[in-house]
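Notes follow the structure.
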Amino acid sequence: MANAITLEIVQEAAAYLRARTPYRPRVGMVLGSGFSGVAERALEAQSIPFEEIPHFVKPTVPGHMGRLVFGTFGGLEVAMMQGRVHFYEGHDAAEITFPIRVLRAMGAEMLIVTNAAGGVRRGMRPGDIMAIVDHINLI
């Protein structure tokens with residue numbers, strides 16, 4: 001990707017997906033490290049590898065499968081990203097945010113993002129679930 005997200009390439013990827021799945025997700029989910037198994041719980045799931053979707057970049061980080069899983073979850077049509085690309089992998093903001101823009105073009109009105117995060121709060125242990133309300137960006 002040439003560091004620019006155009007409406008045309010977003011629509012190209014969304015059109016590709018619409019032609020391959022009957023799902024029109026209301027909810028998009030980014031399943032980060034440790035949460036990719038959530039996609040296995042989607043009903044009537046359909047999986048499409050990132051490398052088959054125009055302009056998507058396949059992640060290289062262990063635990064990030066690089067698949068977009070469509071299905072129903074909690075009675076809603078969803079699109080779940082099993083993994084994503086990261087800035088520290090050498091990707092720019094356009095590549096990192098591109099799949100989210102495509103999910104919106106597919107009809108997603110809500111986005112749920114999970115990730116592995118470090119923290120300094122005493123009493124928290126690896127695997128605890130928390131809601132992040134602020135962060136320090138040291139990029």
For residues 68-82, which side-chain N or O atoms pair as donor and acceptor with protein atoms under 3.5 Å away, sequence neighbours left out?
from: E77; atom 1: OE1; to: R24; atom 2: N; distance (Å): 2.6
from: Q82; atom 1: OE1; to: R67; atom 2: NE; distance (Å): 2.8
from: Q82; atom 1: OE1; to: R67; atom 2: NH2; distance (Å): 2.8
from: Q82; atom 1: NE2; to: S36; atom 2: O; distance (Å): 2.9
from: Q82; atom 1: NE2; to: E40; atom 2: OE2; distance (Å): 3.2

| request: Any ring-ring contact (aromatic ring centres under 6.0 Å, His included) involving residues 5-34? Give me the pairs, sequence neighbours left out, ordered by first then second residue. | output: none
| Out of curiosity, I9 CD1 to H55 NE2, how far, rounded to the nearest 0.5 Å? | 5.0 Å
| message | Hydrophobic clustering (ILVMFWY, side-chain heavy atoms < 4.5 Å, transitive) - are I48 and V10 grouped together? | response | yes
| field | V102 versus A13, closest heavy-atom pair with distance | value | CG2-CB, 3.8 Å
| query | A94 and A4: which non-hydrogen atoms are nearest, and at how many Å? | reply | CB-N, 4.3 Å
| note | Hits for side chain to side chain donor-acceptor pair (under 3.5 Å) against E52, two or more places apart or cross-chain, chain-then-number order -> none
| said: Under the rule for side chain to side chain contact (heavy atoms under 4.5 Å, CB included), what residues qualify as partners of E51, not counting sequence neighbours? | reply: P49, K58
| remark: Closest non-hydrogen atoms of G90 and E95, given as atom of the first, atom of the second and distance, are O-OE1, 4.4 Å
| I100 reachable from M65 in the ILVMFWY side-chain graph, under 4.5 Å edges | no
| task | Report the residue from V61, I96, T97 that forms a side chain to side chain contact (heavy atoms under 4.5 Å, CB included) with V85. | result | I96
| request: Go through the steps for M130 and D128 under the test side-chain contact (heavy atoms from CB on, under 4.5 Å), then give the verdict. | output: CA-CA 7 Å; M130 57 184 254; D128 285 352; over 6 Å; no
| With hydrophobic residues grouped by side-chain heavy-atom distances under 4.5 Å, do L31 and I129 end up in a single group? | yes
| request: Given side-chain contact (heavy atoms from CB on, under 4.5 Å), test V57 with F98 step by step and report yes or no. | output: CA-CA 9 Å; V57 178; F98 179 74; over 6 Å; no
| query | By side chain to side chain contact (heavy atoms under 4.5 Å, CB included), which residues pair with Q11, not counting sequence neighbours? | reply | L7
| said: Just to verify, what does F50 make a ring pair (Phe, Tyr, Trp, His ring centres under 6.0 Å) with, not counting sequence neighbours? | reply: F56
Got a list of side-chain donor-acceptor pairs under 3.5 Å for residues 104-123, not counting sequence neighbours?
from: R104; atom 1: NH1; to: A108; atom 2: O; distance (Å): 3.0
from: T114; atom 1: OG1; to: V30; atom 2: O; distance (Å): 3.1
from: T114; atom 1: OG1; to: G32; atom 2: N; distance (Å): 2.8

| query | What's the spacing between L17 CG and I53 CD1 if we round to 0.5 Å? | reply | 4.5 Å
| remark: For R101 and I5 the tightest heavy-atom approach is CD-CG2, 3.6 Å
| note | Sequence neighbours excluded, the answer for side chain to side chain contact (heavy atoms under 4.5 Å, CB included) partners of T60 is E89
